[in-house]
Amino acid sequence: MGAKLSGPGGQGGRTIEQNSDINVTPFVDVMLVLLIIFMVAAPLATVSIRLDLPPAVPSTDPNPKEPVYITIQETGELFIATVPTTIATLAADVCAAQEVTTDCREERVFVRAQPEVRYNQFMEVMNEMQEKGFFKVGLLNEDIE
């Protein structure tokens with residue numbers, strides 16, 4: 001805080017009052033110094049990493065395979081596309097729906113659930129897929145209007 005002395009036209013002499021205004025000059029000076037420091041230090045903080053990406057190769061397959069969709073209803077029922085299934089036969093039904101000659105666990109599988117499905121029902125399906133060796137499992141979210 002500073003003090004302010006009254007001028008010569010004061011009443012009965014000099015009186016001292018407190019000045020509660022903030023002195024912003026040191027604040028501006030500090031901010032300008034910090035700005036200069038950050039402007040000098042910012043280019044030094046950028047690190048360039050050499051990244052070798054493989055070239056983009058267009059797909060030669062004219063008919064790519066559709067992934068299998070597992071749907072979980074709010075009642076707990078499971079469907080692969082429109083065919084009902086159970087948790088016990090889920091892995092075998094997913095392999096049958098993919099119609100591949102190689103390992104069916106290497107193909108994409110998407111899981112979607114209705115908004116009212118409980119978390120434990122969803123995780124039961126995810127755990128079953130993981131236990132059976134399906135690791136390329138994606139999750140689908142549909143907008144609710």
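Since the structure is predicted, the reported quantities are computational estimates derived from the model, not experimental observations.
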Shared ILVMFWY cluster between [X] and [Y], side chains joined below 4.5 angstrom?
{"X": "Val111", "Y": "Ile87", "answer": "yes"}
{"X": "Leu139", "Y": "Phe134", "answer": "yes"}
{"X": "Val94", "Y": "Met123", "answer": "yes"}

Just how far is it from atom [atom1] of [X] to atom [atom2] of [Y], taken to the nearest 0.5 Å?
{"X": "Tyr119", "Y": "Met126", "atom1": "OH", "atom2": "CE", "result": "9.5 Å"}
{"X": "Leu32", "Y": "Phe27", "atom1": "CG", "atom2": "CZ", "result": "10.0 Å"}
{"X": "Thr89", "Y": "Ile80", "atom1": "OG1", "atom2": "CD1", "result": "7.5 Å"}

(message) Does Ile22, at its CD1 atom, have more than 12 non-hydrogen atoms belonging to other residues, nucleotides or ligands within less than 6.0 Å?
(response) no
(message) Is it true that, when you exclude Met39 itself, more than 12 heavy atoms of the residues, nucleotides or ligands shown sit nearer than 6.0 Å to its CE?
(response) no
What I'd like to find out is whether the side chain of [X] reaches to under 4.5 Å of the side chain of [Y], using heavy atoms alone.
{"X": "Thr85", "Y": "Glu77", "result": "no"}
{"X": "Thr25", "Y": "Val28", "result": "no"}
{"X": "Glu107", "Y": "Val68", "result": "no"}
{"X": "Met129", "Y": "Leu90", "result": "yes"}
{"X": "Ile70", "Y": "Val109", "result": "yes"}

Which pair of heavy atoms, one from [X] and one from [Y], lies closest together, and at what distance?
{"X": "Gln73", "Y": "Gln114", "value": "OE1-NE2, 2.7 Å"}
{"X": "Ala113", "Y": "Phe122", "value": "CB-CD1, 4.4 Å"}
{"X": "Gln121", "Y": "Gly76", "value": "NE2-CA, 3.8 Å"}
{"X": "Gln98", "Y": "Cys104", "value": "OE1-O, 2.8 Å"}

(message) Taking the six-membered ring of Phe135 as reference, does the cationic atom of Arg105 (NZ for Lys, CZ for Arg) lie under 6.0 Å from its centre and within 45° of its axis?
(response) no
(message) By the definition side chain to side chain contact (heavy atoms under 4.5 Å, CB included), identify the one residue from Thr75, Val125, Ile72 that meets it with Val117.
(response) Ile72
(request) Apply side-chain contact (heavy atoms from CB on, under 4.5 Å) to the pair Val137 and Phe110, showing each step before the final yes or no. (result) CA-CA 6 Å; Val137 178; Phe110 288 115; over 6 Å; no
